[in-house]
2 protein chains.
Amino acid sequence: MADVAAGALIEALRADGFRVTAPRRAICEALAAHHDDHLTASTLHAAAEHRSVARIDISTVYRTIDALEQAGLLHHVHLGHGPAVLHLSDHVQHHHLTCEVCGLTIDIGIGELEELTQSVAERHGFTIDSGHFALIGRCRAHEG
Amino acid sequence: MADVAAGALIEALRADGFRVTAPRRAICEALAAHHDDHLTASTLHAAAEHRSVARIDISTVYRTIDALEQAGLLHHVHLGHGPAVLHLSDHVQHHHLTCEVCGLTIDIGIGELEELTQSVAERHGFTIDSGHFALIGRCRAHEG
DNA sequence: CTCGATGCAAAGGTTTTGCACCAGG
DNA sequence: CCTGGTGCAAAACCTTTGCATCGAG
């Protein structure tokens with residue numbers, strides 16, 4: 001089923017006028033296979049290269065991420081420190097609670113932010129992209 | 001009054017066992033003078049050097065930021081992209097709405113997040129550090 | 001064939017670290 | 001004095017860009 005999702009990504013890229021190449025296939029497969037692992041550009045790079053005979057450059061990974069984002073298939077989220085994490089757009093939307101001490105990241109449902117999003121939009125004319133940020137704090141093990 | 005606040009920072013540093021040096025004085029003064037300008041390490045560096053006869057190294061700024069954070073006098077917030085912004089802890093707490101297109105940053109009151117913070121804490125055993133992240137989205141000029 | 005995509009290398013921006021010297025307490 | 005702080009230089013880290021070559025369509 002990872003292959004199905006990867007195929008869908010590939011086809012969507014093609015439909016958007018992007019070329020389908022071996023590195024992109026590997027990247028999309030890695031993305032589909034590890035979709036809930038909070039992939040970063042560099043872990044995605046590693047996973048993609050693992051499925052590929054040839055070397056894949058990290059810049060190719062970034063350019064493919066750009067292509068997928070332009071096609072609306074992928075989002076990146078900035079956790080507090082560290083690199084951005086990647087999420088496929090057709091996933092269950094969720095937010096991230098990231099512990100600033102240990103980096104533990106908990107997923108929470110999008111619903112928990114909905115009222116907030118709405119009131120902020122009304123009051124400030126600002127549309128929160130609720131898939132684009134993490135809520136930083138302390139997990140139970142690191143309170144205080 | 002900027003000097004009063006700067007003096008308070010300096011005294012707090014001293015009380016915490018940190019040494020008070022010329023660069024730190026300049027940094028604290030700059031911090032007190034520009035507290036609502038969304039300072040970053042590099043703009044703080046510029047402002048501090050401006051008030052100083054001698055050169056101040058950017059690494060000294062980062063180390064002083066660390067000291068102030070250890071003393072609980074300062075927080076840094078990660079806006080989506082770009083560098084972290086700095087806030088004095090004794091300020092009116094607020095959040096940031098950052099437009100991912102133009103970087104416009106709107107301050108919103110802490111109260112708007114309170115219910116959310118509380119329910120998340122209860123449900124996930126996670127304490128949101130509501131001074132430590134920005135809410136990324138689109139401002140009115142860049143909706144859609 | 002043509003233009004987009006690739007690998008490689010280099011650079012950019014932010015933050016961190018090693019080191020010898022200086023100065024606060 | 002003695003330890004912590006400083007400037008300087010270099011590196012680490014994530015990401016972007018320039019360029020000649022390759023290959024998808």
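By convention in this document, chain letters (A, B, ...) are assigned in the order of the sequence lines, proteins followed by strands, and residues within each chain are numbered from 1. Any value given below was found using the heavy atoms of this structure, including those in side chains, with hydrogens, waters and symmetry copies removed.
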* To do: Rounded off to whole Å, could you give me the CD1-to-P distance for the Ile27(A) and dA5(C) pair?
  => 12 Å

* To do: Kindly say whether Gly137(A) contributes a backbone atom to a donor-acceptor pair with the side chain of His132(B) at under 3.5 angstrom?
  => no

* To do: Write down the distance between NE2 (His45(B)) and C1' (dT6(D)), rounded to a whole number of angstrom.
  => 12 Å

* To do: Quick one: label Ala54(B) by what it contacts on the DNA or RNA (base, sugar-phosphate, nothing), any heavy atom closer than 4.0 Å.
  => nothing

* Between Phe133(B) and Phe133(A), what is the ring plane arrangement, given parallel below 30°, perpendicular above 60°, and tilted in between? -> parallel

* Which pair of non-hydrogen atoms, one from Cys99(B) and one from Arg138(B), has the smallest distance, and what is that distance? -> SG-CA, 4.1 Å

* Taking atom P of dA5(C) as reference, at what distance in whole Å does atom CG of Asp16(A) sit? -> 11 Å

* Which word best sums up how the rings of His96(B) and His87(B) line up, parallel for under 30°, tilted for 30 to 60°, or perpendicular for over 60°? -> tilted

* Asked: When you check the phosphate oxygens OP1 and OP2 of dT6(C), does a side-chain N or O of Arg24(A) lie under 4.0 Å from one of them?
  -> yes

* To do: May I ask you to decide if Gly72(A)'s main-chain N or O and Ser89(A)'s side chain share a donor-acceptor pair within less than 3.5 Å?
  => yes

* Structure fact -> Taken to the nearest whole Å, CD1/Ile10(A) to P/dA24(D) is 13 Å

* List in numerical order all residues of residues 55-62 of chain A for which some heavy atom is under 4.0 Å away from an atom belonging to DNA chain D. => Ser59(A), Tyr62(A)

* By a strict heavy-atom criterion of less than 4.0 Å, which residues belonging to residues 67-79 of chain A are in contact with DNA chain D? -> none

* Asked: Is the backbone N or O of Ala48(A) less than 3.5 Å from a side-chain atom of Ser52(A), with the two atoms forming a donor-acceptor pair by type?
  -> no

* Asked: If the sugar-phosphate is the primed atoms plus P, OP1 and OP2 and the base is the rest, what is the B/S/- string for nucleotides 20-25 of chain C, using protein heavy atoms under 4.0 Å?
  -> ---BBS

* Asked: Judged by atom type as modelled, is there a donor-acceptor pair below 3.5 Å linking the side chain of Thr43(A) to the main-chain atoms of Leu39(A)?
  -> no

* Write down the distance between CG (Asp66(B)) and P (dT14(C)), rounded to a whole number of angstrom. => 17 Å

* Asked: Could you state the CD1-C1' distance from Ile65(A) to dC14(D), rounded to the nearest angstrom?
  -> 11 Å

* Asked: Shortest non-hydrogen contact from Cys28(B) to Ala6(B)?
  -> O-CB, 3.8 Å

* Take atom CZ of Arg63(A) and atom P of dG7(C), then tell me their distance rounded to the nearest Å. => 8 Å

* Is it true that a side-chain atom of Glu69(B) and a backbone atom of His76(B) form a donor plus acceptor pair closer than 3.5 Å? -> yes

* Asked: Do side-chain atoms of Asp16(B) reach the backbone of Phe18(B) as a donor and acceptor pair under 3.5 angstrom?
  -> no

* Side-chain donor or acceptor of Arg24(B) paired with backbone N/O of Arg19(B) under 3.5 Å -> yes

